[in-house]
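From a predicted model like this one, the values you see are computed outputs, not experimental measurements. If you read the sequence from its start, that first residue is 1, and numbering goes on from there. Order of listing sets the numbers, starting from 1, for every ligand and every atom in it.
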Amino acid sequence: MPARTDSAVVIGGSFQGCLAAEVLSRTFTQVTILEKGEFDEAQRPRRAVPQENHVHLFLLRGKQILEELFPGILAELEQAGAVVADLGHEVKCYQYGRWKNRFKTGITAHYCSRGLIDSRLRRRILHNPRITIISGAVATALHMSQGRVSAVAFRAGAREQQISVDMAIDASGRGSQSSDWLARCGLQKVREDLIETRLGYASRIYRRLPKYRDLWTVLLVLPRPPHERCMGVISPIEGDRWLVTTGGWFGNFPKPQPEEFERQLTRLPVPDICEVVSQAEPQSNVFGFGMKGSLRRRYELLTTWPDGFLVMGDALCSMNPLYSQGMALCSLEADRLREWLPHLMSGTISTHDVQRRIIEVIGPAWNMAELEDKRFPETSGVRSARMRMRQWYGLRIGLLSASHRKTLRTQIGVTNLVTAPKALYEPRVVGRVVLDSLADATFGGPRP
Ligand SMILES: Cc1cc2nc3c(=O)[nH]c(=O)nc-3n(C[C@H](O)[C@H](O)[C@H](O)COP(=O)(O)OP(=O)(O)OC[C@H]3O[C@@H](n4cnc5c(N)ncnc54)[C@H](O)[C@@H]3O)c2cc1C
């Protein structure tokens with residue numbers, strides 16, 4: 001039976017919740033966002049989204065989808081001070097023991113705070129007449145009737161309430177309770193996959209030093225695993241400021257204290273970030289963040305699934321943030337929802353089919369993150385011969401792209417999800433990788 005099209009609820013009003021609500025509002029006449037924190041245009045730190053204090057690179061494919069859903073939003077970010085930079089030319093990047101030559105790639109990122117992006121999104125949502133916001137509302141349960149979700153229960157202040165729905169989407173982030181809620185409705189408990197890497201971040205805002213403006217826009221230092229384990233980045237944000245972030249695997253990150261933060265910068269593979277930061281004036285405290293690792297919930301494996309219910313964003317899969325994929329995945333998931341919602345409404349596919357199609361977009365990103373995390377011996381799990389080969393090849397691509405323009409363009413295109421990964425395996429690229437590694441073996445260059 002096709003679903004009715006009157007009322008939909010989105011649990012969580014952060015990045016994924018805003019995108020999902022916008023898509024739903026094109027079909028449902030009444031969309032309600034339940035958000036446990038505040039939901040307004042103000043660009044103040046949100047307690048429920050602590051990662052907002054840390055650097056957020058928004059990959060190009062995600063950005064394109066955001067612009068399709070909210071035309072003009074990138075221009076708004078630029079007007080508010082976001083800095084647009086070519087990822088090959090204006091980012092000075094050290095990776096795998098080499099500084100990369102800087103080439104124009106035409107692939108750009110908008111550098112600004114995560115808070116700015118989300119505040120502009122919330123502004124658009126607040127102006128959408130089909131969307132109602134209930135701030136300070138904590139979703140607490142789902143109700144089901146005849147195999148479909150019929151209501152979402154929530155608490156607002158001291159009051160327990162519920163709202164009837166034709167469709168509900170959980171976009172409540174990594175701490176999502178959906179698995180428990182569904183279990184209480186009689187469904188199986190969902191399997192969770194965790195790749196434990198004990199990650200952490202620390203970030204601090206500084207005043208931007210004008211003397212570096214012509215030298216680079218972003219200064220990025222990446223480790224060469226498994227021996228090096230921490231990264232650092234200086235990236236511009238609105239208000240002529242820098243957001244400096246350092247993070248690492250397996251406990252290699254500082255406590256959120258200025259001395260610890262500065263000490264960690266001295267441990268990066270090269271001293272450049274430390275030298276720049278030592279001259280800059282801090283504008284904030286040091287913010288910290290820790291997480292166990294990448295986590296995904298395998299809803300596609302359940303044999304029964306309620307009609308009218310979907311899980312999206314970090315509630316479905318929250319990836320190791322060091323690979324900068326989270327917001328792009330949210331966008332790809334919203335794009336899948338936009339594509340498949342009409343089919344769901346016409347009754348040609350089921351909600352579980354839509355959920356599976358949303359989950360499909362996660363696979364390649366998850367595999368890439370797993371491959372990278374498994375470079376560290378402490379990461380548990382099997383490493384097949386194929387995986388080891390791909391790790392070697394990925395390292396060689398990283399080394400080659402330091403000096404070869406086309407490889408750099410392809411690598412940046414693949415990581416930004418606008419170039420198909422198979423481009424990295426074209427014969428001309430493979431040939432260059434082999435020659436480059438033979439040259440290193442002969443002349444004593446880096447070895448994996
Ligand atoms: C340190 C760090 C750095 C990152 N860097 C990047 C990066 O560089 N690039 C990138 O693309 N991604 C990055 N990410 C990932 C990105 O932040 C997430 O993928 C993204 O925030 C997911 O959005 P979401 O809306 O699914 O969840 P969240 O942003 O976590 O939002 C969940 C929302 O749900 C609300 N909520 C929770 N429970 C309830 C409830 N019961 N009822 C009502 N509301 C509820 C919360 O208040 C919150 O507003 C990073 C993450 C971290 C931790």
Inset, instruction - Report the part of A171 in contact with ligand 1, treating N, CA, C, O as backbone and CB onward as side chain, heavy atoms under 4.0 Å; options are side chain, backbone, both, neither. - result: backbone
Legend entry - Distance filter under 4.0 Å to S14 heavy atoms, resulting ligand 1 atoms: 25 (O), 28 (P), 29 (O), 31 (O), 32 (C), 33 (C), 48 (C), 49 (O)
Inset, instruction - Measure the distance from atom 40 (C) of ligand 1 to every protein heavy atom, then report the residue, atom name and distance (to 0.1 Å) of the closest one. - result: A139 N, 3.7 Å
Inset, instruction - Using heavy-atom distances, let me know which of H56, M291, M319, Q177 sits nearest atom 13 (C) of ligand 1. - result: H56
Inset, instruction - Can you measure from CG (L57) to CG (L220) and round to the nearest 0.5 angstrom? - result: 9.0 Å
Inset, instruction - Please determine if R123 and E41 form a salt bridge, counting it only when a charged side-chain N lies under 4.0 Å from a carboxylate O. - result: yes
Legend entry - Under 3.5 Å donor-acceptor, R124 side chain and P71 backbone: yes
Legend entry - Polar atom proximity, K36 to ligand 1 (N or O, under 3.5 Å): yes
Inset, instruction - State which residue, out of F309, W305, W340, fulfils the ring-ring contact (aromatic ring centres under 6.0 Å, His included) condition with H352. - result: W305
Legend entry - Shortest heavy-atom approach to atom 27 (O) of ligand 1 - which of S135, G17, A109, G173: G173
Legend entry - Option passing side-chain hydrogen bond (donor to acceptor under 3.5 Å, both in side chains) with W249 (candidates T197, D373, T379): D373
Inset, instruction - Number the atoms of ligand 1 from 1 as they appear, then name those within less than 4.0 Å of a heavy atom of Q16, with their elements. - result: 24 (P), 25 (O), 26 (O)
Legend entry - Proximity flag F58 to ligand 1, non-hydrogen atoms under 4.0 Å: no
Legend entry - Sidechain N-carboxylate O distance under 4.0 Å for E35, R122: no
Legend entry - Any donor-acceptor pair under 3.5 Å from Q188 side chain to A183 backbone: no
Legend entry - Charged N-O contact under 4.0 Å between E360 and R336: yes
Legend entry - salt bridge (Lys or Arg N to Asp or Glu O under 4.0 Å) between E68 and R338, intermediate numbers included: CA-CA 11 Å; E68 284 164 27; R338 177 171 59 168; 2.6 Å; yes
Inset, instruction - Using distance alone, decide if ligand 1 has a nitrogen or oxygen within less than 3.5 Å of any nitrogen or oxygen in H54. - result: no
Inset, instruction - Could you tell me whether the side chains of S25 and N128 share a donor-acceptor contact shorter than 3.5 Å? - result: yes
Inset, instruction - Please report which non-hydrogen protein atom sits nearest to atom 38 (N) of ligand 1, along with the residue it belongs to and the distance in Å to one decimal place. - result: S172 CB, 3.5 Å
Inset, instruction - Select one of side chain, backbone, both or neither to describe which atoms of V49 lie under 4.0 Å from any atom of ligand 1, heavy atoms only. - result: side chain
Legend entry - Check: W181 N/O within less than 3.5 Å of ligand 1 N/O: no
Legend entry - D180/R184 salt bridge by N-O under 4.0 Å criterion: no
Inset, instruction - Measure the distance from atom 3 (C) of ligand 1 to every protein heavy atom, then report the residue, atom name and distance (to 0.1 Å) of the closest one. - result: P321 CB, 3.4 Å
Inset, instruction - Determine, for K374 against E372, whether the closest basic-nitrogen to carboxylate-oxygen distance falls under 4.0 angstrom. - result: no
Inset, instruction - Answer yes or no: does an N/O atom from G313 fall short of 3.5 Å to an N/O atom of ligand 1? - result: no
Legend entry - Atoms in ligand 1 flagged as close to G326, the criterion being non-hydrogen separation under 4.0 Å: 10 (C), 11 (O), 12 (N), 15 (C), 19 (O)
Inset, instruction - Note the single closest protein heavy atom to atom 19 (O) of ligand 1, along with its residue, its atom name and the distance in Å. - result: D314 OD1, 2.8 Å
Inset, instruction - Please report which non-hydrogen protein atom sits nearest to atom 52 (C) of ligand 1, along with the residue it belongs to and the distance in Å to one decimal place. - result: Q51 CB, 3.3 Å
Inset, instruction - Do me a favour and list the nearest non-hydrogen protein atom to atom 48 (C) of ligand 1 with residue, atom name and distance? - result: E35 OE1, 3.6 Å
Inset, instruction - Report yes if R114 has an N/O atom closer than 3.5 Å to an N/O atom of ligand 1; otherwise report no. - result: yes
Inset, instruction - Could you tell me which atoms of ligand 1, counted from 1 in the order shown, lie closer than 4.0 angstrom to a heavy atom of V55? - result: 5 (N), 8 (O)
Legend entry - Heavy-atom nearest neighbour of atom 34 (O) of ligand 1 within options G200, G12, S176, C317: G12
Legend entry - Distance-only N or O hit between ligand 1 and Y201, under 3.5 Å: no
Legend entry - R297 with D193: basic N within carboxylate O range, under 4.0 Å: no
Inset, instruction - For ligand 1, indicate whether the residue L329 contacts it via side chain, backbone, both or neither (heavy-atom separation under 4.0 Å). - result: neither
Inset, instruction - Give the residue, atom name and distance (to 0.1 Å) of the protein heavy atom nearest atom 11 (O) of ligand 1. - result: M327 N, 2.8 Å
Inset, instruction - Check each atom of ligand 1 against the heavy atoms of L57 and keep those under 4.0 Å away; list them by number with element. - result: 7 (C), 8 (O), 9 (N), 10 (C), 11 (O)
Legend entry - Backbone or side-chain N or O of A48 under 3.5 Å from ligand 1 N or O: no
Legend entry - Atoms in ligand 1 with a heavy atom of Q325 nearer than 4.0 Å: 11 (O)
Legend entry - Expected output: side-chain R208 to main-chain D240 donor-acceptor under 3.5 Å: no
Inset, instruction - Classify the contact between A137 and ligand 1 as side chain, backbone, both or neither, using a heavy-atom distance cut-off of under 4.0 Å. - result: backbone
Inset, instruction - Measure centre to centre between the rings of W242 and Y206, then say whether the value is under 6.0 Å. - result: no
Inset, instruction - Give the atoms of ligand 1, by number and element, whose distance to some non-hydrogen atom of V138 is under 4.0 Å. - result: 41 (N), 42 (N)
Legend entry - Ring centroid separation Y111 to F58 under 6.0 Å: no
Legend entry - E262 bridged to R204 by N-O distance under 4.0 Å: yes
